[in-house]
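First comes the structure, then the notes that go with it.
Proteins come first, then strands; the chains are lettered A, B, ... in the order of their sequence lines, and each starts at number 1. These values consider heavy atoms only, across backbone and side chains, with no hydrogens, waters or symmetry-generated copies.
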Amino acid sequence: MAEITLRRPGTGPGRLRSAGTELLERLHASGRRARALWTGFSWPATAAVLTGLIALLVLIGWASGSDVLRTPIQGWAAMTPNAAVGMLLCAASLWLLRRPAISRRQLVLGRGLAVLAIVIGACTLIEILYTVDMHVDGLLLGAGAAAGRPARMAPSVAAALVLMGLALLLLDTETVGHRWPAEFLAIAVLLMAVPRLVGYAYAVVPRVADPRAMGPYDTLALILLATGLLASRTDRGMVCILASHSEGGRMARQLVPAALVVPLVLGALAVAAAASGLISPLYAAPMAVSGVIICFVGLGLVAAWQARHAELRRESTTQRLQAQHDATRALIESTTVAEASPRFLQSIGESLAWDVALLWQVNREAGVLECAYTWQRGGGDGDLAGVEQAARRMRLAPGVDLPGLVWTTGQPAWVPDLQRSPSLRGATAATAGLRSGFAFPIRYGPEVRGVIELFGRHARDPDREALAIAPILGRQIGEALERKRAEERLRASEDRFRAVAESAIDALVTVDGSDRISYLNAAAERMFGYRAADIAGSRLSLLLPGIGAVDERLVGRTVEQRARRFDGSELPVELSAARWTTAEGVYSTAIIRDVSARKQAEEQLRLARDAAEASSHELEAFSYSVSHDLRTPVRSIDGFSQALLEDFGDRLGDEGKENILRVRRAAQRMSQLIDDLLELSRTSRTQLHHQEVDLSAMAAEVVDELRAAQPGRQVEVVIAGRVMAWGDARLLRVVLQNLLDNAWKYTGRQPEARIELGELPGTSPSVYFVRDNGVGFDVAFAQRLFEPFQRLHDSDDYPGSGVGLALVQRIVSRHGGRIWAESTLGQGATFYFSLPRPEAAP
Amino acid sequence: MTDRLLLLVEDNRDDEALVLRALRKGELSPRVVVAHDGVEALKYLLPSSAAEERIAPLPHLVLLDMNLPRMSGLEVLRRLRADERTRRLPVVMLTSSREERDVAQSYDLGATSYVRKPIGSEEFAEVIRQVALYWLSLNEVQPRTLQAS
């Protein structure tokens, strides 16, 4: 039963089966013990010894000439010396052969003795049948023969001796159809001897010595030998039912001896009573039969009661096994510990007939037991709810209370009556009407992981079977819970992985050891246009034509590849891989990133850069040719105008000379314009070389040059001390030159001209300014100031190309700064410019 | 001064006229040979066969414009410096360009001097006068032949 249940395919992982096997072994062990009791008594040996003793007794009697020892009752047929020898031989043979596995020497000797017994019996039979004297009878004791006593054994004894010898000889011989001849031979001997025994018991056998009758010693010896022989091989034939461990065997062992003994005894008693005159001989038979009927009805009832009892016991065993099975199934079928625990508590509680079941778990950090799950018969709202609630609030130290005790000892504990053991939470339980308790440990390996505690409403004596099953159940539950927890952990990590994988922007494709696709995440499905289910099992090269196999070369690095979508279109991807090994083999995950957007951007950037380079080259070529070719005609205009003045000046007259001079001035302005334009262009292109620049010193130099160019002007110049800036010295000089030149120029009509250079305090980035009190400009035009060739003043009054401020603005903005101007017409102007410093610069 | 020979390589006829005028005005009267492009200048300076053997001797000074048809001034300079006969010939680059790149390249190729043509006619005349004066009279003339070096 246990085996069938537990080995049902699919229900049991190995551990469960091993626990079931353990249970079976326990049952088998108890069966072995029962059989040992039966065979340890060893009827064959006993029978052999008793037979040997009888034969020896008889022989001694013959040897000493004493009649006393030859027969149990004087006047009854004695055992002949030859028969005694034959019996002795058979007894010795039975002793040697009583066990199936014996040495070859023992076997040969035992069979040899049996053959001798057959020879003695057979010779006697031949003498009787053919009326010859082979002198077998006097073989041993001639004296006995001389004494006039018939020393020839009875023919029935001789025949029985032959049969017995044959039975011993063929003890382990099996015929076709799995029959054992020895068994039949022994039964034949019994059929010959038993009636004789009954006869003796009923005293119907003539008491005078009948030479052809089987004597009582012969009868006894033959019955002993035959039963001993049958008992020596209990594992086969008809005997095995008697010896079997089954209920039937037990019943047979009870009924068969009774069937032999009861009628015999009752019959003998009735005969004896009649003979002695106690009852009328007429009543003897009815009385004996009545006794037999009563006895057998009684025996039948006893047997039936025993069978019923055995059945009940088997039912309860089945129930317990069912409990175990249900508990295990609850554990296996549930996904989580939280789901499994109430279910197996219920299974255990119901099948073992308890009313409350509590699961205590060991909290290792705190070193206490905590009640994690509860169950009670009839649901949680019954009158036992208080016990559950109280338990859930408790934290038990080792050794405290029933669970603590079980935790400490690691052994199941049974409390038959809680009222007598108040220390074991009797108080709580008793108020709730609970009387008995049982607790057993939940183990994982040697460690106690928890305790299952059960309470019942009635006092209850320890149940041996429950106590025996508890450690097994505890281990099963412990292992299953641990496995469940491991599964939960695995599932959690799988869920985590899946969540990460599914929400990943990169495509993830997992392949097995033979590069067959086993997993695609959502991003991969989107990227390739396949559904994971459709592509599983395909080769990776379907997606990545350039990749034959995910090998070591791909692990831990990034390679660029072309990937192919479902519709055949291709896209550029970046690919890297991870590899791991499981029990099922090597797996790899390719991490694939769509880089088409990046590729496109790169391409655009490249085109833009090329275009910029091309235009920069064009610009360079343009300014180059400007610097060469634009200048040349200007030079010609000026040069030949000059030649005209020198060579033909006297012929031109004053107006002609003035016109020529205008041509020359225009040519020179043109030349200046060209130079300024080139400077502007060069400023945009040249590399900046940043350094710390002393603007104060630089401004002073510029002002010196201005003063030198126009020594007649009186201008008050105020330069703040140590105005420092971070930038390209050459370009910053161009800035100061232009700004100071402007200031100088536009204060030209101011009687008390004043120019100031400084830095605004507390500004970041630093803001510098150049202020003058010149003509200023209209703020409405402030924005146009910095556009090339824009002029706010008449060029005759204030000559200039209009490029200067454009140049200044370009330089400032190349430094990452800003330039602006403030002015009130007629009251001067202030130009501000900012120059940021990098973080690391001093 | 008349025994001095000057080779002017200039494609612009205006500039040619202005240079000649400046020399004249500066009262310098060297013999002047004018080549109007790079190829012509090379043909004069480095005749490739006996048949083309120069009629005139090597000049004492070459005024070389940069922008020339057929072969640029820089290329002419490179070839002159690559040839033993003209390796030491004084070549003054005379050009409108102010580009740093042009100046640097000229010196790298072995220009003797680099002079920018000013726009103003007085300055132009003055520059030409000074260059000619310096290279044709003040400067010690270099040995003509290899054997003399």
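- Within a 6.0 Å radius of CD in Glu658(A), other residues, nucleotides and ligands contribute more than 12 heavy atoms.
- By the 6.0 Å contact criterion, CZ on Arg662(A) is open, its count of non-hydrogen atoms from other residues, nucleotides or ligands being 12 or less.
- Going from atom CG of Asp14(B) over to atom OG1 of Thr632(A) covers 9.5 Å, rounded to the nearest 0.5 Å.
- In the displayed structure, Glu613(A) atom CD is contacted under 6.0 Å by more than 12 heavy atoms of other residues, nucleotides or ligands.
- How far CG of Asp647(A) is from NZ of Lys25(B): 5.0 Å, rounded to the nearest 0.5 Å.
- Contacts between residues 639-646 of chain A and chain B, counted as heavy-atom pairs separated by less than 4.5 Å, involve Gly639(A), Phe640(A), Gln642(A), Ala643(A), Glu646(A).
- Closest approach of Asp15(B) and Arg635(A) over heavy atoms only: OD2-NH2, 2.7 Å.
- No part of Arg13(B) comes within reach of chain A, as not one of its non-hydrogen atoms sits under 4.5 angstrom from that chain.
- Within a 6.0 Å radius of CG in Asp610(A), more than 12 heavy atoms belonging to other residues, nucleotides or ligands are found.
- Within residues 75-82 of chain B, no residue has a heavy atom under 4.5 Å from a heavy atom of chain A.
- In this structure, Met724(A) places its CE atom where more than 12 heavy-atom neighbours from other residues, nucleotides or ligands lie under 6.0 Å away.
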